[in-house]
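All values below were derived from every heavy atom in this structure, side-chain atoms included, with hydrogens, water molecules and symmetry-related copies excluded. In what follows, chains are A, B, ... by sequence order, proteins preceding strands, each numbered from 1.
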Amino acid sequence: MTEEGRSPPVAAIARRDSRTSRPSLLRERLNWLIYALYVRHDFADSLRVIEEVLKESRGLCEYAIFVKGLNKRLEGRVHESLSLFQAAACLNPQALNNLKQVAKSLYLLGRHRAALDVYEEAQRIEPEDWATWHHKGLCHVHLRQYNEAVVCFENANSIHRHDATFHQLGRVHALRDDFRSAIDVYSEALEFNPDSADLLAVLGIYYLRLGDTAKAFEHLGNALTIDPRKEKAILAAGSIIQDHGDTDVALRKYRVAAQQTPHSAQLWSNVGMCFFHKEKFVAAAACLKRALYLDPFEWIIAHNLGLVHLRTGQYASAFHYLSASINIKPDFPPSYHYLAIALSKLDDFANACHAFDKALEHGPDLATLLNYAITLHRHGATVEAKQKLSAFDAAWGALDSGIRASETGLEEQRSALHGSLYGVEPPSVPHAAPSAAVPPSAGDADPPSPGL
Amino acid sequence: MISVGSGATAPDPLPPLEEAIAKERDDAASPAAAGGGGGERSGTQDYQQRKSGPWLHAWHDPVAGMVCFSQHMCVADLHGDGDHRLVLVDRKKRIRIYRGTSIQWEQRLLEPPVAVQCFYHDTATPPIPTLVVAAGHQLFIYRHLQPYMKFALPPLPIDEREKDTWNRLEGLPEGEGVEEAFNQLMKLREAGVQLSRRSMDLLAVDDVAQRAKTAEEHKGVPLVQLPAISCMETLRQNIDQPTGVSVVVVAAEAFSHKGIIFILNPHVDKILRKVELDGTPAFVHCLGLYDVEYRLTVATRDGTVHTIKNGALLGSAVELETPCCGLVRLDKFIFVGCMDSVIHVYHFKGKKSHSIHLPCPLTTLTGLSLPRLRVQRALLVTLNDGQVRLYGNNGKDLLHSFSLLNDDIVTGALFGQYGREEGALVLSCKSGAILVKILSRTSTLEPARSGSSLSDGEEATGGPVPAEQDVPLNIPKKTRLYVEQMDRERQSAVHMHRTFQRDLCRLRLKTARAYVSNLVDMGQSPTSVPSTSGAGEAHLSLTADVIGLTGPHFDVQLRIHNAGSHALSNVCVMCVSSPPGLYALTPAMAPLPLLLPQHTSVHTIRAQEQPPEGGGAPTGAGQVRCFVVRMAVEGRGHQAARPLTTVYVQMPISEGG
């Protein structure tokens, strides 16, 4: 198809242009410049050109109004941007872009229902638009209508696949504690974008949530290969490494994360527990105290601090941290267990028994039972001590011999207690040695929350 | 009206740029010389290092005064003498040609230019290229540095019904038939017809009198909708050689948020092809030969990358999450720079390959392509913190990076032959400076070792072991006092614990006693408490906040401050909805705790907006009236309530639901 460019009417117009008769001046001639300045983040210049154009067009240049709205929204003036987009939509109600931006401003203002209405309208103009579906899904997430949100995100993905949609879809599944589905979503996203450290890190964290440490570690490792500074992945991978007792490697990883996020409470908590494992208690307490300063309401940090103080023999401090931890999270049996030990060391026998009972409410635990028995015995309650010991023996006997062999501390304490209770050895020997009473498990290190 | 520069026809044996480059080469070859000899060009020395990675510094003009985007720059052998000139246009309507380090020619343009391109319109010997400047809806063509002709893009087709409406209006006297035309146009717009700008303007006017005036302004002017050029590229017609004849590809904004691409013949007087697009083009990239097979990659302002193959728009498009600020094609890969500081790399058929994450937003994206290099293609990215980065291996390796000084930012970058140097990089800066660097002939463009040759350690993205791993953790130090305290606690933990528990008990006891005595005091001296009088003596202040954005649930938070000197007991708060029944208030009435003097107590009431009876939309905002009331026992155990203070809380409009 060809067309004669220099036809007479055009020439006439061109002449008119040169005499700058106002209505025929090409109003859109600077739109490219507005766009170019805006996308380069040169907002001041962009606004200057916009004002110029708006003045010249008596406020009727739709694109200038549109970009001004985008500018204002980036400045954080969402209300202003909303009225600008509404003005643009008023000039050209058929334009999908205007409606989409009106809806987005509404969404940012927290008016999710109103935003949804506008998106519906936009879909009447163009039903096959990825962004409309995606943002509709976001509105539904905020309205806690997760089923609708999932439908929207899936529609968006069926039109065009995007990392952002996968992230949101995964997040919705995670919000509903459906980590299986979240993992499926992220695995699919990875097929589409295999080199995304973000996707790999989140996938790893979800595997960790499901308890599949091997897979989690594999994905986190991949994430770190692509972006060795991904702090989310570092923290999650570090906690796994720490659980395997390789504290030096974990600490090296944390060094990288400490440069990225020096104010992360979880990071310092994990670092503290690494030092605890290495028996550097002063450093451990220092790191944990920094963590607690950064996030005073994180119960696990208080719990970890309690452990450190219990280990160093500072029973009064241990008592405080453990009771603080219990106040925040009352349904974590180990906290009661350790509190009981602290209390028993502080010669508060009655409360120690209360705490042991509380710890055992959630089901029998070997260390708790054994420590209970030791405490009872120390305070002369031999009959109850024998009861607890037999309960422990029953549970101990039910264990696999391999596991039993690995728990040498428990076995030692058990035989010592047997000796002293049943008179094989003098009764003064059994003393809950701190190492048995407080198995230094890095499992108490806090796995970082995915934070997505 | 044309003044041709004096140096145009008689080239010097060695132009200044060549000299500068030659000198740089010598300096770079002997490191000892690089240290000395800085005195004569100290300005340049301060500005940039002589040799930085693969770049040799060639020339720098800090006061060139031209701020150009990449599309405003081109290099071409304008006189067919093998000495490539640099052509720059800028927003101040200037066109300037540099030869070596001096300005050869400068002219005014009629309109702010959008883009400039050089291409060959026919095969002559020596080949003399054509210079074309795009502005508004026109193309200005220069040959031999003379304005040669102007080509205006044709107006866009306008709907017949719309034309009719305006034609009818044309014949009528002022003010007549405007309303009719307005309604007609409104109907057309609702029917989804793409209206011209003039009709849109009329529809945007609310005032009837103003409408007539607007309509009158347009009388006598033909109804046309002109496309506004947004970018321009050239595409070789049938021979893939540097001097091959090219066609001009012009992308323009058609109606609002729509686009159109014209392909013009090499003489720029005929439209060979026209492609319409859903979205205004922002960047175009051309590949192939027009007569054989070609592909246009078009990024639009709303963040979509379309492909046009042999004049047909392909169905598959890439949708970006943020607007695009640069488009480059190298080999089989398309690099799309986005506003969120990410460069997405796609295979040219649309499959995503990977992404490059940048530390800050990018300003330009340019492709480097030189057959003689070992790494033949590289990607040049300039960032808005002044960095100029070079990526190789399809953007996976960061090869080199340097920064401009004085917070300058690159606005436009161009790689090509300048002077007689085929690997020259021209950078135009925001301060108006022009900077020319040349790619060292010995450079292999190998990836930089992590942190060694880079300006700071942060950029090494290549290796899996980051440098931070060796930075020791900043562990808080503990004093000797702390350790001593630890020892003390170890020795006398039981004692410390007991002391603490005892003191805690004492504190609790004391608090309870104080509370009781407060109660007792009040009972003993009823005259001093405003039990009989009203609010006058009880100095209460009551403030209310509404928490909640859109309803229908709101929280009304009351802050009751007792400014008097006595404690108040037996006080309760009551809430009423106005109009009645609009809000369900829980609790509607609640006793307040003892109001201690100079103390603020906070009380929250939950207000749930009730749907009006019989359905329908909510009636709008109402009030919640809160009263603080003191229950007083008067004679013979008779209870009486006295209001102390009142507040009316205006509720926000609920968005229903």
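With a 6.0 Å cutoff to the six-membered ring centre and a 45° limit on the axis angle, Arg40(A) counts as a cation-pi contact of Phe69(B). The cationic atom of Arg301(B) (NZ for Lys, CZ for Arg) does not lie both less than 6.0 Å from the six-membered ring centre of Phe66(A) and within 45° of the ring axis.
Listed options Leu110(B), Ile475(B), Val114(B) were ranked by heavy-atom pairs under 4.5 angstrom with chain A; first place goes to Val114(B). Ranking Leu30(A), Val271(A), Leu251(A), Asp42(A) against chain B, the residue ahead of the rest is Asp42(A), based on heavy-atom pairs under 4.5 Å. For the options Ala204(B), Cys231(B), Pro361(B), Ser230(B), heavy-atom pairs under 4.5 Å to chain A are most numerous at Pro361(B). Looking only at heavy-atom pairs under 4.5 Å with chain A, the residue among Ile263(B), Thr411(B), Asn265(B), Leu264(B) that has the most is Thr411(B). Listed options Lys430(B), Lys351(B), Gln194(B) were ranked by heavy-atom pairs under 4.5 angstrom with chain A; first place goes to Lys430(B).
Proximity to chain A (any heavy atom under 4.5 Å) is shown, for Asn474(B), by both the backbone and the side chain. The part of Glu190(B) that comes within reach of chain A is its backbone (N, CA, C, O), which places non-hydrogen atoms under 4.5 angstrom from that chain. Interface residue Ile229(B): only backbone heavy atoms are found under 4.5 Å from chain A. Residue contact with chain B, scored on non-hydrogen atoms closer than 4.5 Å, involves the side chain of Val49(A) exclusively. Residue contact with chain A, scored on non-hydrogen atoms closer than 4.5 Å, involves the backbone of Ala317(B) exclusively. Both the backbone and the side chain of Ser317(A) come within contact range of chain B, each with at least one heavy atom under 4.5 Å from a heavy atom of that chain. Proximity to chain B (any heavy atom under 4.5 Å) is shown, for Arg252(A), by both the backbone and the side chain. Within the 4.5 angstrom heavy-atom criterion, no atom of Lys258(B) approaches chain A. For Gln94(A), the part lying near chain B is the side chain, with the backbone staying farther off; criterion is any non-hydrogen pair under 4.5 Å. Of the atoms belonging to Phe262(B), not a single heavy atom falls under 4.5 Å from chain A. Neither the backbone nor the side chain of His344(B) comes within contact range of chain A, judged by heavy atoms closer than 4.5 Å. Within the 4.5 angstrom heavy-atom criterion, no atom of Leu203(B) approaches chain A. When heavy atoms are compared at a cutoff of 4.5 Å, Asn31(A) approaches chain B by way of both its backbone and its side chain. For Arg91(B), the part lying under 4.5 angstrom from a heavy atom of chain A is the side chain only. Interface remark: Leu109(A) contributes backbone atoms only to the contact with chain B (heavy atom separation under 4.5 Å). Contacts of His134(A) with chain B are absent, with no heavy-atom separation under 4.5 Å from either backbone or side chain. Contact of Thr280(B) with chain A is not made at all, since no heavy-atom distance falls under 4.5 Å. Contacts between Leu320(B) and chain A at a heavy-atom distance below 4.5 Å involve the backbone alone (N, CA, C, O). Interface remark: Glu253(B) contributes side-chain atoms only to the contact with chain A (heavy atom separation under 4.5 Å). Contact of Leu74(A) with chain B is made through the side chain alone, with heavy-atom distances under 4.5 Å. With a threshold of 4.5 angstrom between heavy atoms, Leu362(B) approaches chain A through N, CA, C or O but not through any side-chain atom. Using a 4.5 Å cut-off between heavy atoms, Arg488(B) makes no contact with chain A at all.
Under a cut-off of 6.0 angstrom, the local environment of NZ in Lys289(A) is crowded, with over 12 non-hydrogen atoms contributed by other residues, nucleotides or ligands. Heavy atoms from other residues, nucleotides or ligands lying under 6.0 Å from NE2 of His142(A) number more than 12. The environment of CZ in Arg490(B) is crowded: more than 12 heavy-atom neighbours from other residues, nucleotides or ligands sit within 6.0 Å. Counting heavy atoms of neighbouring residues, nucleotides and ligands inside a 6.0 Å radius, atom OH of Tyr293(A) does not exceed 12 of them. Under a cut-off of 6.0 angstrom, the local environment of CD in Glu276(B) is sparse, with at most 12 non-hydrogen atoms contributed by other residues, nucleotides or ligands.
Taking the charged nitrogens against the carboxylate oxygens, Arg58(A) and Asp201(B) have no contact shorter than 4.0 Å, which rules out a salt bridge. Electrostatic pairing of Glu28(A) and Arg197(B) counts as a salt bridge here, judged by a charged N lying under 4.0 Å from a carboxylate O.
When every heavy atom of Lys345(A) is checked against every heavy atom of Val494(B), the shortest pair comes out as O-CG2, 3.5 Å. Smallest separation of non-hydrogen atoms from Tyr38(A) and Pro323(B): CE2-CG, 4.5 Å. The two atoms that bring Gly136(B) and Arg29(A) nearest to each other are CA-CB, 4.0 Å, heavy atoms only. Heavy-atom minimum distance, Leu26(A) versus Pro227(B): CD2-O, 3.7 Å. Smallest separation of non-hydrogen atoms from Ala285(A) and Tyr482(B): CB-OH, 3.5 Å. Nearest heavy-atom pair across Cys324(B) and Val39(A) is O-CG1, 3.7 Å.
Looking only at distances, a side-chain donor or acceptor of His41(A) sits under 3.5 Å from a matching main-chain atom of Met339(B). A distance-only check finds a donor-acceptor pair linking the side chain of His160(A) to the backbone of Glu319(B) [under 3.5 Å].
A donor and an acceptor atom, one from each side chain of His257(B) and Glu62(A), are located under 3.5 Å apart.
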**Message:** Using the rule given for side-chain contact (heavy atoms from CB on, under 4.5 Å), can you reason through Met200(B) versus Leu91(A), listing the C-alpha separation, both sets of side-chain angles and the distance that settles it, and then say yes or no?
**Reply:** CA-CA 7 Å; Met200(B) 298 267 235; Leu91(A) 284 176; over 6 Å; no

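Within the 6.0 Å centre-distance limit, the rings of His497(B) and Phe319(A) are counted as a close aromatic pair.
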